[in-house]
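Within every chain, numbering begins at 1; the chains are lettered A, B, ... in the order of the sequence lines, protein sequences first and strands thereafter.
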Protein chains: 2
Amino acid sequence: MKVLNKDVDYAVRALVLMARNDKPATPVAGMRAEVRVSGPFLRKIMQKLQRAGFVHSVKGRGGGFSLARDPGNIRLSELVSALQGGIKLNDCASEGKLCGLHSACKLRPRLASMEGRLLEELAAITVKDLA
Amino acid sequence: MKVLNKDVDYAVRALVLMARNDKPATPVAGMRAEVRVSGPFLRKIMQKLQRAGFVHSVKGRGGGFSLARDPGNIRLSELVSALQGGIKLNDCASEGKLCGLHSACKLRPRLASMEGRLLEELAAITVKDLA
DNA sequence: CGTTAATGATACTCAAATAGTATCATTAAT
DNA sequence: ATTAATGATACTATTTGAGTATCATTAACG
Ligand code: FES
Ligand code: FES
């Protein structure tokens, strides 16, 4: 059972790459080889990062992407929220779909706190750490 | 992104139920209502638990399942291994399919240790705790 | 004995989530 | 005008998860 999806995986690689280069603008074409993913797919991910405010983009010839934030402050936990809507340990623990069993469920609170710790650990890792 | 699958979820409920009752044998028909799952599906899960040594089974009329181990020593981490083959934080961290990037990957070791901690936390929760 | 109520094993189908592609629109440098 | 880039979005394919169905085996009950 996987916890981090491909979007996050590729996003990390791309952001690390940008943090190392620190060019004014890197186009997708200039990243896809090193990130090891197809152009269109990486583009889709970069667009998500743009919408979520992690990167700036410049359209048109000579354009591309650049980091919008200090890499030392881009945390894995944030990427996880933005790119895959967080983490849920089980179905039950989320939203309103409590499993019927029970008001007195002893499992749910434990899972909730584990989830919290997991996110803290992810928050402790920044793009800078990985660059 | 989910971490615990339905098998684990239902298995926990069934085991907790059995730990509370402590009958010599509980048939699937006697659990499915409270576990809130279809008979055939629960049966499949119980069979996995049997193969993995968590429960005993008795065939034939009057048969059913019973705990094979002290509920205070059946740990969530074990159920996770037996029923869903463990947890992997990302694709990369598993098996031989390292992502090419890199011998010098800074992310992988961190994820590995997070995974370890997660499993420790799951190991700290027993069926008895939940009963 | 035969019927019934149970599990064992396994194959199969259905549904949902992930992963990836394709297309058209927009923008700006040359 | 052409080219090289992103924005938005619809679409397809693959994989994984969830759930069913079937047949075989076993043992109590009458
Ligand atoms: S497992 Fe659903 S509320 Fe506890
Ligand atoms: S992300 Fe694949 S080896 Fe680090």
task = Provide, to the nearest angstrom, the distance between the CG atom belonging to B:N5 and the C1' atom belonging to D:dT15.
result = 15 Å

ask   = Quick one: B:I45 CD1 to C:dA9 C1', roughly how many Å, whole number?
value = 16 Å

task = Would you classify B:V37 as touching base, sugar-phosphate or nothing, given that sugar-phosphate means primed atoms plus P, OP1 and OP2, and contacts are heavy atoms under 4.0 Å?
result = nothing

query = With a non-hydrogen cut-off below 4.0 angstrom, is A:M1 in contact with a base, only sugar-phosphate, or nothing?
reply = sugar-phosphate

query = How long is the line joining CG of B:D9 and C1' of D:dG19, in whole Å?
reply = 15 Å

inquiry  = I want to check one thing: is the phosphate of C:dA9, taken as OP1 and OP2, less than 4.0 Å away from some side-chain N or O of B:Q47?
reply    = no

task = Ignoring backbone atoms, establish whether B:S57 has a side-chain N or O less than 4.0 Å from OP1 or OP2 of C:dA6.
result = no

note = When rounded to whole Å, the CG to P distance for the pair B:L49 and C:dT7 reads 13 Å

request  = Mind checking the CD-OG spacing from A:Q47 to A:S57? Nearest 0.5 Å is all I need.
outcome  = 8.5 Å

key: Charged N-O contact under 4.0 Å between B:R110 and B:E115   = no

request  = Kindly point out which of C:dG8, C:dA19, D:dG7 is positioned nearest to the side chain of A:R43?
outcome  = D:dG7

request  = Measure from NZ on A:K48 to P on D:dT6 and round the result to the nearest Å.
outcome  = 17 Å

Interatomic distance where CG belongs to B:N90 and C1' belongs to C:dT18 [whole Å] = 15 Å

query = Base, sugar-phosphate, or nothing: which does A:G62 touch, judged by heavy atoms less than 4.0 Å apart?
reply = nothing

task = Indicate yes or no: does A:R75 engage A:E120 in a salt bridge with an N to O separation below 4.0 Å.
result = no

Toward the 5' end of DNA chain D, by each residue's nearest nucleotide, A:G63 or B:Y10 = A:G63

key: Rounded distance in Å - NZ (B:K88) to P (D:dT15)   = 13 Å

query = OP1 or OP2 of D:dG7 less than 4.0 angstrom from a side-chain nitrogen or oxygen of A:Q50, does that happen here?
reply = yes

inquiry  = Counting only side-chain heavy atoms from C-beta out, which of C:dA5, C:dG8, D:dA8 sits nearest to B:F65?
reply    = C:dG8

ask   = When you match A:P40 and A:K59 each to their closest nucleotide on DNA chain C, which lands nearer the 5' end?
value = A:P40

note = Among D:dT20, D:dC29, D:dT3, the one nearest any side-chain atom of A:R61 is D:dT3

query = What integer distance in Å separates A:F41:CZ from D:dT12:P?
reply = 18 Å

query = Do A:F54 and A:L67 come close enough that some side-chain heavy atom pair is under 4.5 Å?
reply = no

task = Could you tell me whether B:D7 and B:K48 have a side-chain N and a carboxylate O separated by less than 4.0 Å?
result = yes

task = Give B:K2 one of three labels, base, sugar-phosphate or nothing, depending on what nucleic acid heavy atoms sit under 4.0 Å from its own.
result = sugar-phosphate

